[in-house]
**Q** 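Below you will find the structure I want to go over with you.
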Amino acid sequence: MKVAPIRNENDYQNALNRLEDIFDAKKGTDEGDELEIISILIDRYENENFPIEMPDPIEAIKFRMEQMGMNQKDLAEVVGFESRVSEILNKKRKLTLSMIRKLNTNLHIPTEVLVQDY
């Protein structure tokens with residue numbers, strides 16, 4: 001097992017290829033250990049070089065509503081009046097702390113997403 005840091009795109013591609021070769025390795029074996037180490041290195045490289053930004057709070061709400069088959073009336077039951085929901089979804093009204101808590105609890109949207117400026 002020869003594991004090295006991933007420092008550039010070539011190293012990254014080589015690590016991905018090796019990961020694919022040993023993907024089904026059993027835990028506790030040499031290849032299983034190599035798989036775990038390479039996975040950690042790949043994850044670190046991707047987080048540093050291909051960061052994923054958090055989604056816009058309102059887009060996250062709309063996406064979650066779609067996933068859950070909700071409409072504005074359903075969301076009004078979570079955060080308040082239907083007219084308020086319309087203002088929120090059209091970015092004419094900011095989310096309050098109370099709304100953020102309710103959206104987090106009921107729609108399971110992370111608070112880190114909901115508290116962002118928009």
Side-chain angles (χ1 to χ4, degrees):
M1 166 172 64
K2 182 178 182 268
V3 178
I6 301 173
R7 294 188 177 107
N8 55 46
E9 184 66 27
N10 189 48
D11 292 344
Y12 176 63
Q13 288 303 319
N14 289 336
L16 288 175
N17 291 336
R18 181 62 182 153
L19 180 75
E20 188 175 323
D21 291 343
I22 61 173
F23 190 76
D24 293 324
K26 302 243 187 284
K27 279 188 172 189
T29 65
D30 287 343
E31 281 190 339
D33 292 345
E34 183 182 3
L35 174 67
E36 186 175 349
I37 293 167
I38 288 175
S39 298
I40 292 167
L41 293 172
I42 289 171
D43 183 57
R44 180 175 166 225
Y45 183 82
E46 289 176 343
N47 288 336
E48 289 175 1
N49 294 282
F50 312 114
I52 298 173
E53 295 182 22
M54 283 202 256
D56 173 84
I58 303 308
E59 293 306 314
I61 293 168
K62 290 177 180 178
F63 178 73
R64 190 66 180 130
M65 287 174 62
E66 184 179 320
Q67 283 184 319
M68 296 175 75
M70 294 176 73
N71 57 35
Q72 286 190 17
K73 192 172 189 175
D74 298 326
L75 189 61
E77 293 176 15
V78 175
V79 297
F81 302 105
E82 207 168 329
S83 60
R84 187 170 295 155
V85 169
S86 179
E87 291 173 345
I88 290 167
L89 294 178
N90 289 309
K91 298 184 179 183
K92 293 180 180 176
R93 178 184 288 268
K94 297 286 186 184
L95 294 169
T96 66
L97 182 57
S98 175
M99 290 176 192
I100 290 170
R101 287 179 178 149
K102 290 174 183 175
L103 290 165
N104 172 258
T105 300
N106 294 291
L107 274 63
H108 308 288
I109 300 172
T111 54
E112 301 84 37
V113 170
L114 296 169
V115 298
Q116 297 178 96
D117 283 331
Y118 57 92

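Note that the structure is predicted; figures quoted are calculated from it, not measured.
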**Q** CD1 of I6 to CD of Q13: how many Å apart, nearest 0.5 Å?
**A** 10.0 Å

**Q** If you define the side chain from C-beta out and look only at heavy atoms, does anything of V3 sit under 4.5 Å from E34?
**A** yes

**Q** What's the separation between atom CD1 in I38 and atom CG in D21, rounded to the nearest 0.5 Å?
**A** 9.0 Å

**Q** Distance from S86 atom OG to K92 atom NZ, nearest 0.5 Å?
**A** 7.0 Å

**Q** Looking at every heavy atom in both M68 and N106, which two are closest together, and how far apart are they?
**A** CE-O, 3.9 Å

**Q** As an exercise, state the distance from CG of N8 to CG of D11, rounded to the nearest 0.5 Å.
**A** 4.0 Å

**Q** Could you state whether I42 and I40 fall into the same hydrophobic cluster, counting links through intermediate Ile, Leu, Val, Met, Phe, Trp or Tyr residues with side-chain heavy atoms under 4.5 angstrom apart?
**A** no

**Q** Got more than 12 heavy atoms from elsewhere within 6.0 Å of CZ, F63?
**A** no

**Q** Verify side chain to side chain contact (heavy atoms under 4.5 Å, CB included) between I109 and N104, making sure each step is shown before the conclusion.
**A** CA-CA 5 Å; I109 300 172; N104 172 258; 5.9 Å; no

**Q** Determine all donor-acceptor pairs shorter than 3.5 Å in which one atom belongs to a side chain in residues 46-62; sequence neighbours excluded.
**A**
from, atom 1, to, atom 2, distance (Å)
E46, OE2, Y12, OH, 2.5
N47, ND2, D43, O, 3.3
N47, ND2, D43, OD2, 3.4
E48, OE2, R44, NE, 3.2
N49, ND2, Y45, O, 2.9
D56, OD1, K91, NZ, 3.2
D56, OD2, I58, N, 3.0
D56, OD2, E59, N, 3.0
D56, OD2, K91, NZ, 3.4
K62, NZ, L89, O, 3.4

**Q** Taking all atoms of both residues into account, what is the closest heavy-atom pair of H108 and R64, and its distance?
**A** CD2-NH2, 4.3 Å

**Q** Is there a side-chain contact between M70 and L107 (heavy atoms, below 4.5 Å)?
**A** yes

**Q** So with a 6.0 Å cut-off around CD of Q67, is the heavy-atom count from everything else above 12?
**A** yes

**Q** Rounded to the nearest 0.5 Å, what's the gap from CG on L16 to OG on S39? Could you check?
**A** 10.0 Å

**Q** Which atom names give the shortest non-hydrogen contact between M99 and I88, and what distance separates them?
**A** SD-CD1, 3.4 Å

**Q** Please find the pair of heavy atoms, one from V79 and one from R84, that lie closest to each other, and give the distance.
**A** O-NH1, 4.3 Å

**Q** Got a donor-acceptor contact below 3.5 angstrom from the N71 side chain to the K73 backbone?
**A** yes

**Q** Can you list the steps and then say if L103 with L75 is a side chain to side chain contact (heavy atoms under 4.5 Å, CB included)?
**A** CA-CA 9 Å; L103 290 165; L75 189 61; 3.7 Å; yes

**Q** Start with the C-alpha gap between L41 and I37, add the side-chain angles, then the distance that decides, and say whether side chain to side chain contact (heavy atoms under 4.5 Å, CB included) holds.
**A** CA-CA 6 Å; L41 293 172; I37 293 167; 4.1 Å; yes

**Q** Quick one: are K27 and E36 in side-chain contact, heavy atoms under 4.5 Å?
**A** no

**Q** Once you round to the nearest 0.5 Å, how far does CG of L97 lie from OG1 of T111?
**A** 10.0 Å

**Q** Given side chain to side chain contact (heavy atoms under 4.5 Å, CB included), test E31 with K26 step by step and report yes or no.
**A** CA-CA 7 Å; E31 281 190 339; K26 302 243 187 284; over 6 Å; no

